[in-house]
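Structure first, then comments.
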Amino acid sequence: PVPGLTRVERPRSWLFDPSITVPRDFADQQGRVFARQGERINPLDRLPNFNRVLIFVDGDDAEQVAFALRRAKRAPDRERVYIVLTNGAPLELMRRHKVEMFFDQDASLTTRFGITRVPSVVEREGRSLRISEVRP
């Protein structure tokens, strides 16, 4: 399980800037540099059709899992929803619900996004990502 996460008590949300500072020059197969060292890049500028929604839940909490399944089911066709477990047994849940699920290995995503409570939803809002801690 991802350590230190608690259940959402009060909903809240914030914007997350996914921009990175390029650590070194990057070039394609022909040697054309497409990102220069020190340049600040927002990946969403280069992915205008980015439509991923991440739902982080504790897989051992049936209410959170049900919330994630409902949210995924009602998503518009233009959205790709990924249920990301922070605890629980992904294979067992996938078999039971017949839905693909992922696990936040080494807490890499929750750490990157600053998520400390679940369930949380991450979705695009313009050039940022909206992170929302929600009640199931």
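It should be emphasised that the depicted structure is a prediction, and the values quoted were computed from it without experimental measurement. Below, each value reflects all heavy atoms present in this structure, side chains not excepted, and no hydrogens, waters or symmetry copies.
Considering only heavy atoms from C-beta on, Leu69 comes within 4.5 Å of Val99 through its side chain. Glu133 places a side-chain heavy atom less than 4.5 Å from the side chain of Trp14. Val53 is not listed as a side-chain neighbour of Val122, based on a closest heavy-atom distance of 4.5 Å or more. Using a 4.5 Å heavy-atom cutoff, the side chains of Val2 and Asn87 are not in contact. Taking 4.5 Å as the limit, some side-chain heavy atom of Ile131 sits within range of a side-chain heavy atom of Ile115. Proximity of Phe26 to Val33: side-chain heavy atoms (C-beta onward) are nowhere separated by under 4.5 Å. When side chains are defined from C-beta on, Ile41 counts as touching Arg46, because their heavy atoms get closer than 4.5 Å. Counting heavy atoms from C-beta outward, Phe113 and Leu129 have side chains that approach closer than 4.5 Å.
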**Message:** Under the criterion side chain to side chain contact (heavy atoms under 4.5 Å, CB included), I'd like the reasoning laid out for Arg124 against Asn51: C-alpha separation, chi angles, the key distance, then a yes or no.
**Reply:** CA-CA 7 Å; Arg124 183 179 189 150; Asn51 62 352; over 6 Å; no
**Request:** Could you walk me through whether Phe56 and Val121 pass the side chain to side chain contact (heavy atoms under 4.5 Å, CB included) test, one step at a time?
**Result:** CA-CA 6 Å; Phe56 292 85; Val121 178; over 6 Å; no
**Request:** Evaluate the criterion side chain to side chain donor-acceptor pair (under 3.5 Å) for residue pair Ser19 and Asp17; output intermediate values, then yes/no.
**Result:** CA-CA 6 Å; Ser19 297; Asp17 180 358; 2.6 Å; yes
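Note that CG of Asp25 is 5.5 Å distant from CZ of Arg36, once rounded to the nearest 0.5 Å. Rounding to the nearest 0.5 Å gives a distance of 12.5 Å between NE2 of His97 and NZ of Lys73. Here CE of Met94 is found 10.5 Å from CD1 of Ile83. Values are rounded to the nearest 0.5 Å. To the nearest 0.5 angstrom, Asn42 atom CG is 4.5 Å from Leu44 atom CG. Rounded to the nearest 0.5 angstrom, Arg70 CZ and Ile55 CD1 are separated by 10.5 Å. Interatomic distance, Arg127 CZ to Asp45 CG, rounded to the nearest 0.5 Å: 4.0 Å.
Proximity of a side-chain donor or acceptor of Arg12 to a complementary backbone N or O of Ser132 within less than 3.5 Å is not detected. In this structure, Gln64 contributes its side chain and Asp61 its backbone to no donor-acceptor pair below 3.5 Å. Put simply, the side chain of Thr111 never gets that close to the backbone of Ser108: no donor and acceptor are under 3.5 Å apart.
The heavy-atom pair separating Phe103 from Pro1 by the smallest distance is CZ-CA, 4.2 Å. Residue Leu5 comes nearest to Arg117 through the heavy atom pair CD2-N, 4.2 Å, listed as atom of the first residue, atom of the second, then distance. Ala89 and Asp60 get closest at one heavy-atom pair: N-OD1, 4.5 Å. Of all the heavy atoms in Arg52 and Tyr82, the pair that sits closest is CD-CE1, 3.2 Å. Considering all non-hydrogen atoms of both residues, Val81 and Ala72 come closest at CG1-CB, 3.7 Å. Nearest approach of Leu85 to Gly59, heavy atoms of both residues: CD2-CA, 3.9 Å.
Other residues, nucleotides and ligands contribute at most 12 non-hydrogen atoms within 6.0 Å of the CZ atom of Arg10. Crowding of Asp28 atom CG: a count of heavy atoms from other residues, nucleotides or ligands under 6.0 Å exceeding 12.
Comment: Glu123 does not engage Arg130 in a salt bridge, judged by the lack of any side-chain N to carboxylate O separation of less than 4.0 angstrom. Looking at Arg71 and Glu79, a side-chain N of the basic residue comes within less than 4.0 Å of a carboxylate O on the acidic one, giving a salt bridge. Classification of Glu63 and Arg7 as a salt-bridged pair holds, one side-chain N sitting under 4.0 Å from a carboxylate O. Using a cutoff of 4.0 Å between basic side-chain nitrogens and carboxylate oxygens, Asp104 and Arg112 are not scored as salt-bridged.
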